[in-house]
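Start at 1 with the first residue, then count along the sequence.
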Amino acid sequence: MGKASRQKAERRAAGTTGPSPAVEQRKAKAAAPRFSPGALAVDEKQLEGLLTVMPADRLPYLGMAAWYLAQAPHRNANQCLVASMVLVAALQSFGVQADLVAIEVAIPSAGVSYGSPEPRVVDDMVAGHVGLLAGDTFLDATASQFKEIREDRGVMPVVGRIADEDRVRKHGGVLRFPFGSGETMEYKVHPVGSADEVGIKFLEKNSMVDIAQLVTNLIRGFAWAVGATRGEINTGLPKLNQSIAEALQAASKGQTPQLVDGSVEYR
């Protein structure tokens with residue numbers, strides 16, 4: 001039966017026995033609230049204050065993810081794939097074992113859940129949600145794309161340490177974070193490999209040169225911000241420490257970060 005014939009049959013059924021299940025499903029779908037990712041309205045003064053007081057060993061994770069949100073060229077919050085891929089590449093360049101993974105988040109008190117065990121790309125958008133495992137750290141850089149999390153925690157990443165990183169990498173796991181007043185939200189983290197399909201699609205659709213530029217810009221901008229607020233700090237990652245030292249050296253020569261043909265350079 002074609003679509004038009006099916007719709008006619010549904011209308012006939014609705015006229016004699018009440019709305020058909022298919023009609024009711026379409027009505028419910030139309031009435032349901034639409035997903036609204038929101039914008040990355042980051043308070044940069046608040047971010048600078050956060051970088052000042054954050055434990056040094058959290059700077060490469062919470063700090064850099066927050067800096068990405070503040071400086072991302074696209075201000076729509078629904079960019080979990082590009083954000084996670086850029087952060088994975090940046091952390092790998094520092095020698096951290098970082099991997100893209102599928103994640104699901106449930107907020108029982110709000111009656112909502114987001115994500116999928118098998119995220120995929122549909123019409124250039126990610127159906128599902130992804131984050132990353134970086135060493136012993138879980139990171140959802142764009143958690144604030146979800147209205148309930150954004151309203152509760154503001155525009156900030158969700159970051160937490162993993163008790164048994166090897167098990168989570170191989171088999172997945174469940175992580176809980178505070179939400180609201182005395183409530184929690186629950187992340188189901190899928191094992192490494194669960195987001196390979198969307199990761200491959202991202203690499204197929206984007207130039208490696210463009211990706212490398214995003215990574216370099218993130219590292220240089222972040223290193224400059226950390227150097228300006230914390231000086232020559234030890235983050236626990238020698239290569240990041242070196243990037244911060246290079247930013248401090250550039251500053252001592254009167255140079256500043258400038259965007260030249262899309263790339264951050266010290267001039």
Side-chain angles (χ1 to χ4, degrees), residues 39-77 79-98 132 134-135 137 139-144 153-159 202-203 206-267:
L40 297 177
V42 178
D43 184 333
E44 295 198 12
K45 287 187 177 179
Q46 181 186 26
L47 173 60
E48 289 175 3
L50 181 66
L51 292 181
T52 301
V53 300
M54 188 182 301
D57 64 348
R58 295 290 85 193
L59 284 167
Y61 309 101
L62 175 58
M64 192 161 63
W67 183 259
Y68 174 90
L69 296 180
Q71 302 299 316
H74 304 292
R75 304 314 298 165
N76 189 306
Q79 51 175 304
C80 64
L81 182 55
V82 61
S84 296
M85 290 292 284
V86 169
L87 286 164
V88 162
L91 287 163
Q92 287 177 343
S93 76
F94 299 146
V96 176
Q97 182 182 0
L132 60 141
T137 300
L139 175 56
D140 179 3
T142 62
S144 56
R153 303 167 66 100
V155 181
M156 288 296 293
V158 170
V159 181
F202 177 81
L203 295 175
N206 294 274
S207 160
M208 293 302 294
V209 173
D210 292 339
I211 296 170
Q213 186 179 68
L214 288 173
V215 174
T216 299
N217 289 355
L218 172 64
I219 292 172
R220 286 180 178 166
F222 179 62
W224 182 274
V226 173
T229 56
R230 304 290 288 271
E232 197 167 340
I233 189 171
N234 181 8
T235 65
L237 300 179
K239 290 185 177 180
L240 175 55
N241 295 342
Q242 181 180 348
S243 294
I244 295 169
E246 289 171 357
L248 288 169
Q249 184 177 22
S252 71
K253 297 177 180 178
Q255 297 176 334
T256 58
Q258 298 182 29
L259 204 59
V260 180
D261 295 329
S263 296
V264 172
E265 296 183 5
Y266 301 141
R267 293 192 172 187

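Within a 6.0 Å radius of CD in E232, other residues, nucleotides and ligands contribute 12 heavy atoms or fewer.
Considering only heavy atoms from C-beta on, M54 stays 4.5 Å or farther from Y61 through its side chain. Between V215 and L87 the shortest side-chain heavy-atom distance does not fall below 4.5 Å.
Applying the salt bridge (charged side-chain N to carboxylate O under 4.0 Å, His left out) rule to E246 yields no partners; only residues at least two apart in sequence or on another chain are considered. By the side chain to side chain contact (heavy atoms under 4.5 Å, CB included) test, V158 pairs with F138, D140, A143, R153, F177, M185, Y187, sequence neighbours left out. A search for side chain to side chain contact (heavy atoms under 4.5 Å, CB included) contacts involving I233 returns A56, L59, V226, R230, T235, I244, not counting sequence neighbours. P157 pairs by the side chain to side chain contact (heavy atoms under 4.5 Å, CB included) definition with L62, A65, A66, L69, L139, V159, not counting sequence neighbours. T229 meets the side chain to side chain contact (heavy atoms under 4.5 Å, CB included) test with L51, T52; sequence neighbours excluded. Here T137 pairs with R58 under the side-chain hydrogen bond (donor to acceptor under 3.5 Å, both in side chains) rule; sequence neighbours left out.
Of all non-hydrogen atoms in V96 and G135, the two that sit nearest each other are CG1-N, 3.7 Å. Contact detail for A90 and L218: the closest heavy-atom pair is CB-CD2, 4.2 Å. For the pair T142 and A83, the tightest heavy-atom approach, listed with the atom from each and the gap, is CG2-CB, 3.8 Å. Looking at every heavy atom in both residues, Q79 comes nearest to Y68 through OE1-OH, 2.7 Å.
Applying the salt bridge (Lys or Arg N to Asp or Glu O under 4.0 Å) rule to pairs touching residues 250-267 yields E265-R267, sequence neighbours excluded. Residue pairs meeting the side-chain hydrogen bond (donor to acceptor under 3.5 Å, both in side chains) criterion with at least one partner in residues 206-222, sequence neighbours excluded, are Q213-S263. Among residues at least two apart or in separate chains, ring-ring contact (aromatic ring centres under 6.0 Å, His included) pairs with a member in residues 231-267 are W224-Y266.
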### Task
May I have the step-by-step check of side chain to side chain contact (heavy atoms under 4.5 Å, CB included) for M208 and I211, ending in yes or no?
CA-CA 5 Å; M208 293 302 294; I211 296 170; 4.2 Å; yes

### Message
Set out, in order, the CA-CA distance, both residues' side-chain angles and the distance that settles side chain to side chain contact (heavy atoms under 4.5 Å, CB included) for F94 and M64, then state yes or no.
### Response
CA-CA 12 Å; F94 299 146; M64 192 161 63; 3.9 Å; yes

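With values rounded to the nearest 0.5 angstrom, L240 atom CG is found 9.5 Å from N234 atom CG.
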